[in-house]
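These notes are about the structure you will find just below.
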Amino acid sequence: MAAQALLRAASVVLLCWRAATAGTCFSDDFSSIDSGWISVDGDWKWSGGTVDDNVGNYGEGHVLYRDADYSDGYLEASVSVSSGQAGLLFRIADMPVAADYINNAGQMYYCGINLNWVRCGRMNDAWSEIWRYNTPIALGQFYDLGINMEGSKFTVFLDGAEIGSFSDSSYSSGGIGLRTYWGRGIYDSISYEAPGCAGSNSPFVYVDQEMSWTDAREYCRTHHHDLASIHSASENAEVAALCPVWCFLGGSDVDQEGTWTWSDGSAWAYENWDTGQPNNVNGPEDYLNMWGAAPGSSNREHGKWNDLRPEGPHTFVCRETPASSTYEIVVNGVMNEPLTVIGDAWAAGSDSFGSYITSSPGLCYAGGTGVCYLRWEHDLGTGDFTSTMNLVVTDLYNSGASFEFNYNSAWGSNFGFAGYGSLDVFTDGPFFGDGPSYHGNLASYGIIDGELMTLVVQRRGDDYTISVTTAAMGEKVVHTQTKAGDIQGLGLRPWRGTIRLYSWTVTTGLSIQGTYDADADDDSDDNSLVVILGVVIGVLLVVIAILVIMKRSKVAKPPQGHRGPAMVEAATSPTAPPQLASIKAEALGMMSEEPIAEAVPHGHVSGAEAAAMAAGEPPPQPSAGWGRRFASWRAVVEPPPPPEPEFEPEC
């Protein structure tokens, strides 16, 4: 009986565990080796927060994947190629032991990048290309390659921008992975998000009440944070999964026609308009709506945006927490954000690393003082941010360059690379405690003249981390510092030499928004295992308690002739039966020490009552304590237990 109960409990645990892990949100920043990855060919290496693989022979493809059941959702990885191609595998239905991607490719989808294109296709033992987007890809530069999966439709994103879509219904779910083909691919991070998946800490809340846009905004500001703002394809998919018909969102262009803004003040950096929208078809339509999935909106594409009048009424989606915002200041050599340029026009150009904007060395030196600046005068206050620059500094031996802060309303705090003899990394200015202070030779960080580097400046609270990533050395933390105060702008300053700036992004609000990371998922898995162990142990304790009670009940049973009502009569008669009189009163008194105040069921006799009757005394009154827990036997035969119900596991 106990064994059957334990097996049934274990079955419930396993069923619930499987239900809880299928399709969970997942991310990995590759800071350490995660045992969840399976390698198929190749020598995958973890180093400095990246994982990479180099495939040297034609026709070879190496794979690192996770065997799980992922279906709809948004998959994204930060990936770069130095040769060949690299990308993402998804909905892996069958993975061969050896991944020959010409004749034995297994069954899955693949999207990847190459020097000249982004392409996607289906593997069904052999490779079949389905879709291609021609665009230059800079070797050695990281790109965010994203795939939004919704049934048989797949939408492809590059650095957050939608670049196309394709449809195929061959595979509905499966694993996800990384793939390199005839070259070297480096991956900085990967994440998968599904609407409502286990472990998701969604910032969005659907409100099933119909209101005008203005009333909906007021409701969200009162009960949550604000109407929903959307900043990525994954967030759009998450909101679309919540929206059943038409839903108001937090966007509007009521202040200036054609200039859309979010009501929570976050940056307008992502759009997903339906074809022909916005169109003001019913007069001024200045408020944002998303098409839902239910009948009645079936003639519109689910998840796409439309402009509406404010009256509605419609249901709506709120945001629980402030949104993070990504500002793409420079992308592929194009200035997307307003920049203050001092002393130089910053010309355009391109090379093997991609398109860039560049300073001119002749204009950046006058009378011994550098006069060239490129400044993003944006008030970041005391909030969290991450600034990421991909750049090359040339002629380092005779020049230098620095990243500049506007700290507490004053420019002039620099983190830089000093050439002109010293060849060191340095800090200087009020933010860094004046200076200059030197932090080691350039070569110790892998900084090489004319080679691409990624410079990341990150603030979390009052803690700053500055790191440099190069092909030679990977990621190196150069400087950390704790400093309170406002940041009102970020900048770049060449000194004598030339800076080529390929891209510059700044993301804000990270600590408020929260992100998925490998450690958080590991903690979640650990907690789930603890819950499972707790359930199993609890079942064992219950079974043991039942067995103990059954054994004690057998010891306390009267002779066969005394059952049910006869025993009740004996309990109320002046003379106790000889069986009860023979029980040692002192033993019963010890068992009933400090009894718990609880009612004895009708027709049952407690140990304390039996002892009192044996001594010819009135029964004791119950009081609080522990003794009653150990005197839980009853001097009666319990009725037979009811038949056990059909076993139906519930999670």
Side-chain angles (χ1 to χ4, degrees), residues 160 195-196 200-327 378-379 381 383 508-509 512-514:
S200 173
N201 184 21
S202 174
F204 301 109
V205 176
Y206 170 71
V207 180
D208 190 16
Q209 300 181 43
E210 292 189 342
M211 299 184 187
S212 69
W213 187 92
T214 303
D215 289 344
R217 180 186 61 183
E218 190 63 30
Y219 179 94
C220 290
R221 288 180 174 179
T222 300
H223 298 282
H224 304 283
H225 173 66
D226 209 313
L227 273 169
S229 59
I230 297 177
H231 303 275
S232 67
S234 60
E235 287 192 344
N236 196 77
E238 194 169 351
V239 173
L242 298 174
C243 182
V245 188
W246 289 14
C247 295
F248 273 136
L249 305 180
S252 78
D253 68 343
V254 67
D255 292 333
Q256 182 176 341
E257 179 63 29
T259 301
W260 287 82
T261 60
W262 294 111
S263 60
D264 65 2
S266 58
W268 186 275
Y270 170 82
E271 295 181 339
N272 195 38
W273 295 106
D274 203 353
T275 303
Q277 300 293 341
N279 59 8
N280 287 320
V281 69
N282 293 313
E285 294 184 324
D286 297 328
Y287 299 90
L288 184 61
N289 161 73
M290 176 183 280
W291 302 129
S297 61
S298 57
N299 59 326
R300 279 93 173 184
E301 188 172 351
H302 180 210
K304 290 291 186 179
W305 298 359
N306 166 53
D307 58 341
L308 282 182
R309 295 180 61 83
E311 301 92 294
H314 298 299
T315 60
F316 52 97
V317 178
C318 300
R319 193 170 193 114
E320 284 280 30
T321 57
S324 62
S325 298
T326 298
Y327 300 89
H378 185 95
D379 189 359
T508 64
I512 301 174
Q513 169 83 4

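When a residue number appears, it is its place in the shown sequence, counting from 1. Since this is a predicted model, take the numbers as computed values, not measurements.
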First locate atom [atom1] of [X], then atom [atom2] of [Y], and finally report the distance between them rounded to the nearest 0.5 Å.
X: F248; Y: L288; atom1: CZ; atom2: CG; answer: 9.5 Å
X: H314; Y: M211; atom1: NE2; atom2: CE; answer: 13.5 Å
X: E301; Y: M290; atom1: CD; atom2: CE; answer: 11.0 Å
X: D255; Y: W260; atom1: CG; atom2: CH2; answer: 11.5 Å
X: K304; Y: N289; atom1: NZ; atom2: CG; answer: 14.0 Å
X: D286; Y: D253; atom1: CG; atom2: CG; answer: 4.5 Å

Do you know the tightest heavy-atom contact between [X] and [Y]?
X: C243; Y: H302; answer: O-NE2, 4.0 Å
X: A240; Y: G303; answer: CB-CA, 3.9 Å
X: R221; Y: S263; answer: NH2-O, 3.0 Å
X: Y287; Y: S252; answer: CD2-CB, 3.8 Å
X: C247; Y: Y206; answer: SG-CE1, 3.9 Å
X: W213; Y: G251; answer: NE1-O, 3.9 Å

Among all residues two or more places apart in sequence or in another chain, which pass the side-chain contact (heavy atoms from CB on, under 4.5 Å) test with C220?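 Once residues adjacent in sequence are excluded, the partners of C220 under the side-chain contact (heavy atoms from CB on, under 4.5 Å) criterion are L227, F316, C318.
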Does the side chain of [Y] come within less than 4.5 Å of [X]'s, by heavy atoms?
X: R319; Y: S229; value: yes
X: V205; Y: H223; value: no
X: E285; Y: R309; value: yes
X: E238; Y: P203; value: yes
X: I230; Y: N272; value: no

Could you give me the CA-CA distance, side-chain angles and deciding distance for W268 and T259, then say whether side-chain contact (heavy atoms from CB on, under 4.5 Å) is met? CA-CA 9 Å; W268 186 275; T259 301; over 6 Å; no
F204 vs E235, test: side-chain contact (heavy atoms from CB on, under 4.5 Å). Steps then yes/no. CA-CA 9 Å; F204 301 109; E235 287 192 344; 4.0 Å; yes
So, does D307 use its side chain to make a donor-acceptor pair with the main chain of N280 at under 3.5 Å?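 Between the backbone of N280 and the side chain of D307 there is a qualifying donor-acceptor contact (under 3.5 Å).
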Distance only, no hydrogens: is a donor on one side chain within 3.5 Å (strictly under) of an acceptor on the other, for N236 and W305?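 The criterion, which ignores hydrogens and geometry beyond distance, is satisfied for W305 and N236.
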